[in-house]
Amino acid sequence: MTQRTEGVDEEQTIAGVEERVAARFPEAAPEVIHDEAVVAVGRYADAPVKDFVEIIAERDARSAVEESIGED
């Protein structure tokens, strides 16, 4: 099986996830967005195929931030 692991910059991926989640939820605290982005990207750190990590991590972070906003 072919594995694509090159070309993934974790810091850049986290920053991209943060930026898009912050744009969607401007009322969320930046530290919450950052923490959820780090957790979401880290969850897929060992994925054999990295092509969709940013998209999947963004979805996870959005969901977690949305839940945290709803808890307030």
Side-chain angles (χ1 to χ4, degrees):
M1 175 166 72
T2 302
Q3 295 184 347
R4 291 188 59 200
T5 57
E6 71 281 345
V8 176
D9 181 340
E10 190 171 327
E11 288 181 26
Q12 183 179 5
T13 301
I14 290 168
V17 169
E18 283 182 278
E19 182 180 324
R20 288 186 300 282
V21 173
R24 181 148 182 176
F25 300 104
E27 69 278 16
E31 53 277 354
V32 170
I33 293 171
H34 174 76
D35 290 348
E36 295 300 345
V38 169
V39 168
V41 171
R43 187 176 294 130
Y44 302 103
D46 294 330
V49 178
K50 306 288 189 187
D51 292 347
F52 302 104
V53 167
E54 190 164 350
I55 295 166
I56 296 167
E58 180 183 342
R59 183 190 64 200
D60 290 355
R62 257 193 348 246
S63 179
V65 169
E66 190 171 32
E67 278 183 34
S68 76
I69 292 170
E71 292 174 358
D72 292 343

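Because only heavy atoms are used, hydrogens play no part in the values below, and waters and symmetry mates are left out as well, while side chains stay in. Given the structure is predicted, the values throughout are model-derived calculations rather than measurements.
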**OP:** Applying side chain to side chain contact (heavy atoms under 4.5 Å, CB included), name anything that partners R20, two or more places apart in sequence or on another chain.
**Re:** V17, E54, E58
**OP:** Give the intermediate values and the outcome of side-chain contact (heavy atoms from CB on, under 4.5 Å) for residues I56 and R59.
**Re:** CA-CA 5 Å; I56 296 167; R59 183 190 64 200; 3.6 Å; yes
Original post:
Where is the tightest heavy-atom contact between V53 and V49, given as atom of each residue plus distance?
Top reply: CG2-O, 4.2 Å
Determine all donor-acceptor pairs shorter than 3.5 Å in which one atom belongs to a side chain in residues 27-45; sequence neighbours excluded.
unit_1, atom_1, unit_2, atom_2, d
H34, ND1, E18, OE1, 3.4
H34, ND1, E18, OE2, 3.0
R43, NH1, D60, OD2, 2.9
Y44, OH, D60, OD2, 2.6

